[in-house]
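Chain naming here is simple, since letters A, B, ... match the order of the sequence lines and numbering starts at 1 in each.
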Protein chains: 2
Amino acid sequence: MVEAPERERAVAPRRGRETRAAIDAAAVELFAQRGYHATSMRALAAAAEIQPAAIYHWYPGKEAILVHLQDEFMAELTERVVAAMAEQDRPALKLAAAVREHVAYHGEHPDEAFVTDSEIRALRERPRRALIAKRDEYQRMFGGLVRAGIADGSLRTSDPDVATYAILLQCTGVALWFDPSGPLGLDEVAAVHVELVLGGLGADRKLIAAAVAAPGGRG
Amino acid sequence: MVEAPERERAVAPRRGRETRAAIDAAAVELFAQRGYHATSMRALAAAAEIQPAAIYHWYPGKEAILVHLQDEFMAELTERVVAAMAEQDRPALKLAAAVREHVAYHGEHPDEAFVTDSEIRALRERPRRALIAKRDEYQRMFGGLVRAGIADGSLRTSDPDVATYAILLQCTGVALWFDPSGPLGLDEVAAVHVELVLGGLGADRKLIAAAVAAPGGRG
DNA sequence: GTGCTCAATGAACGATCGTTAGGGAACCTA
DNA sequence: TAGGTTCCCTAACGATCGTTCATTGAGCAC
């Protein structure tokens with residue numbers, strides 16, 4: 001029998017769980033840069049330096065990568081914001097801490113934030129509903145703080161729901177434009193947002209100054 | 001000769017320019033709902049009730065539909081906001097008018113707004129650069145108003161650039177959540193945003209009340 | 001060293017993608 | 001009514017998509 005000519009196999013080193021991390025990193029970057037549908041499994045594999053079929057050892061399919069990424073982001077974001085809120089007592093200061101942490105986390109993880117927000121529609125019914133439920137619950141936290149601030153007289157707005165949407169949108173948007181090498185640091189950007197949010201809610205200057213000054217319980 | 005059995009041709013009525021409008025309408029809806037890359041030319045054609053090949057009579061390709069849609073939105077938005085600004089004299093009131101018009105237009109055309117904002121990355125280099133240039137110019141208009149308001153002493157912020165980003169993000173976001181059948185009308189939502197924006201910029205209550213009250217020069 | 005699991009491979013599947021070729025019916029103009 | 005143009009069709013192109021298949025080499029337990 002004639003032996004088939006030994007073709008070299010381009011064997012990637014066996015990296016175990018590191019491979020999964022490489023897939024995740026590639027997915028975050030490419031989904032954010034080009035979008036979920038514009039990113040092929042082959043492009044993902046190339047960025048992770050494996051063959052396309054190897055992805056299926058770690059994930060059941062393309063959508064599962066997206067779901068994993070979004071779930072992780074929402075969980076970590078929620079945990080950090082809840083923790084930041086817990087360090088304050090007055091509603092307006094809780095809101096300020098939440099805004100500060102929300103901005104900081106979005107500035108630190110802009111790609112994850114962008115993918116989580118913008119690729120909801122890429123999900124099929126079931127996981128989409130689940131993610132939207134988490135997002136809604138997260139938003140209700142902020143809404144509750146706005147209402148509590150109004151109730152105790154420190155805040156004021158002609159519509160708490162609209163105000164809540166506006167607050168979250170401007171803070172989430174930081175992920176779209178913040179540049180770590182720009183003139184302002186993340187904590188400065190966060191402070192500006194605290195000022196904008198509380199100002200928009202009619203807080204008095206002393207309260208705003210106090211909220212801007214307090215660095216998330218670390219002071 | 002044997003005649004081939006006459007198969008029925010599914011002939012759509014000739015609609016001329018109406019067909020183009022149907023393609024545009026289908027594109028706005030489907031691009032907004034599923035995303036540009038997730039929308040096939042076949043899906044577009046089905047929604048417009050024509051065959052896929054007919055699209056190429058009106059557009060040179062898929063990207064051209066997106067470009068047309070985005071250009072039209074940016075042009076109309078800019079025109080309306082510029083006109084609204086022109087009806088006021090003081091910077092803070094110009095800003096309020098711009099915010100009001102920006103919110104109104106986004107509330108009226110949420111799909112177009114969303115597609116224009118979120119599908120920039122789907123464009124190839126050339127049209128992407130062109131759209132980004134228009135968007136940046138539009139943003140600079142708002143930035144100029146913020147700075148002018150600071151210069152004349154009616155507004156105040158610790159960073160005009162961050163404030164400008166925040167203003168545009170919260171107002172643009174109205175396209176994401178506004179529901180015409182909801183409890184608030186578009187002009188009410190716009191008024192809330194005027195209040196939030198000017199409040200965030202430290203305007204005094206009299207100024208805010210004046211800006212909220214003035215319905216875009218019609219009073 | 002023998003057997004088993006893990007992590008990865010090359011090759012191929014059917015489906016769908018954007019696009020094009022070529023033709024024909026409807027409409028306008030003269 | 002003849003001729004040209006407009007509008008839309010059917011059919012198919014090559015490329016690429018997400019995914020599956022059978023297989024293989026490395027490393028570990030006994």
Between protein and nucleic acid, restricted to nucleotides 5-7 of chain D and to nitrogen or oxygen atoms under 3.5 Å apart, what atom pairs and distances do you find?
{"unit_1": "D:dT6", "atom_1": "O2", "unit_2": "B:Arg14", "atom_2": "NH1", "d": "3.3"}
{"unit_1": "D:dT6", "atom_1": "O2", "unit_2": "B:Arg14", "atom_2": "NH2", "d": "2.6"}
{"unit_1": "D:dC7", "atom_1": "OP2", "unit_2": "B:His57", "atom_2": "NE2", "d": "3.1"}
{"unit_1": "D:dC7", "atom_1": "O4'", "unit_2": "B:Arg14", "atom_2": "NH1", "d": "3.3"}
{"unit_1": "D:dC7", "atom_1": "O4'", "unit_2": "B:Arg14", "atom_2": "NH2", "d": "3.1"}
{"unit_1": "D:dC7", "atom_1": "O2", "unit_2": "B:Arg14", "atom_2": "NH1", "d": "3.1"}

Could you run down the sub-3.5 Å N/O contacts of the protein with nucleotides 19-22 of chain D?
{"unit_1": "D:dT19", "atom_1": "OP2", "unit_2": "A:Tyr56", "atom_2": "OH", "d": "2.8"}
{"unit_1": "D:dT19", "atom_1": "OP2", "unit_2": "A:Lys62", "atom_2": "N", "d": "2.9"}
{"unit_1": "D:dT19", "atom_1": "O5'", "unit_2": "A:Tyr56", "atom_2": "OH", "d": "3.2"}

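In this structure, B:Phe73 has its ring center closer than 6.0 angstrom to the ring center of B:His106.
No more than 12 heavy atoms of other residues, nucleotides or ligands shown are found within 6.0 angstrom of CD on A:Glu18.
Put simply, the side chain of A:Arg100 never gets that close to the backbone of A:His193: no donor and acceptor are under 3.5 Å apart. No donor-acceptor pair under 3.5 Å is formed between the side chain of A:Gln88 and the backbone N or O of A:Ala97. In terms of modelled atom types and a separation under 3.5 Å, the side chain of B:His57 and the main chain of B:Ala53 share no donor-acceptor contact.
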Can you give me every donor-acceptor pair (side chain of residues 114-127 of chain B, partner residue at least two apart or in another chain, under 3.5 Å) with its distance?
{"unit_1": "B:Thr116", "atom_1": "OG1", "unit_2": "B:Glu112", "atom_2": "O", "d": "2.7"}
{"unit_1": "B:Ser118", "atom_1": "OG", "unit_2": "B:Phe114", "atom_2": "O", "d": "2.7"}
{"unit_1": "B:Glu119", "atom_1": "OE2", "unit_2": "A:Arg121", "atom_2": "NH2", "d": "3.0"}
{"unit_1": "B:Glu119", "atom_1": "OE2", "unit_2": "B:Tyr36", "atom_2": "N", "d": "2.8"}
{"unit_1": "B:Arg121", "atom_1": "NH1", "unit_2": "A:Phe31", "atom_2": "O", "d": "3.3"}
{"unit_1": "B:Arg121", "atom_1": "NH1", "unit_2": "A:Ala32", "atom_2": "O", "d": "3.2"}
{"unit_1": "B:Arg121", "atom_1": "NH2", "unit_2": "A:Glu119", "atom_2": "OE2", "d": "3.0"}
{"unit_1": "B:Arg124", "atom_1": "NH1", "unit_2": "B:Glu63", "atom_2": "OE1", "d": "3.3"}
{"unit_1": "B:Arg124", "atom_1": "NH2", "unit_2": "B:Glu63", "atom_2": "OE1", "d": "3.1"}
{"unit_1": "B:Glu125", "atom_1": "OE1", "unit_2": "B:Arg128", "atom_2": "NH2", "d": "3.3"}
{"unit_1": "B:Glu125", "atom_1": "OE2", "unit_2": "B:Arg129", "atom_2": "NH1", "d": "2.9"}
{"unit_1": "B:Glu125", "atom_1": "OE2", "unit_2": "B:Arg129", "atom_2": "NH2", "d": "2.8"}

Please output the side-chain donor-acceptor pairs of residues 172-182 of chain A that fall under 3.5 Å, not counting sequence neighbours, one pair per line with the distance.
{"unit_1": "A:Thr172", "atom_1": "OG1", "unit_2": "A:His102", "atom_2": "NE2", "d": "3.0"}
{"unit_1": "A:Thr172", "atom_1": "OG1", "unit_2": "A:Leu168", "atom_2": "O", "d": "2.7"}
{"unit_1": "A:Asp179", "atom_1": "OD1", "unit_2": "A:Ser181", "atom_2": "N", "d": "2.9"}
{"unit_1": "A:Asp179", "atom_1": "OD1", "unit_2": "A:Ser181", "atom_2": "OG", "d": "2.8"}
{"unit_1": "A:Asp179", "atom_1": "OD2", "unit_2": "A:Ser181", "atom_2": "OG", "d": "3.1"}

Set out, in order, the CA-CA distance, both residues' side-chain angles and the distance that settles side chain to side chain contact (heavy atoms under 4.5 Å, CB included) for B:Leu95 and B:Leu201, then state yes or no.
CA-CA 11 Å; B:Leu95 178 60; B:Leu201 291 173; 3.6 Å; yes
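Screening B:Val103, B:Val99, B:Val197 for a side-chain contact (heavy atoms from CB on, under 4.5 Å) involving B:Gln170 leaves a single residue, B:Val197.
Rounded to whole Å, the distance from CD1 on A:Ile50 to P on C:dC6 is 18 Å. Per the geometry, CD1 belonging to A:Ile55 stands 11 Å off P belonging to C:dA8, to the nearest Å.
For the segment residues 25-40 of chain A, residues with any heavy atom less than 4.0 angstrom from an atom of DNA chain D are, sorted by number, A:Thr39, A:Ser40.
Residues passing the side-chain contact (heavy atoms from CB on, under 4.5 Å) test with B:Pro160, sequence neighbours excluded: B:Val146, B:Arg147, B:Ile150, B:Thr157.
In terms of phosphate contacts, B:Gln51 brings no side-chain nitrogen or oxygen within less than 4.0 Å of OP1 or OP2 of D:dC8.
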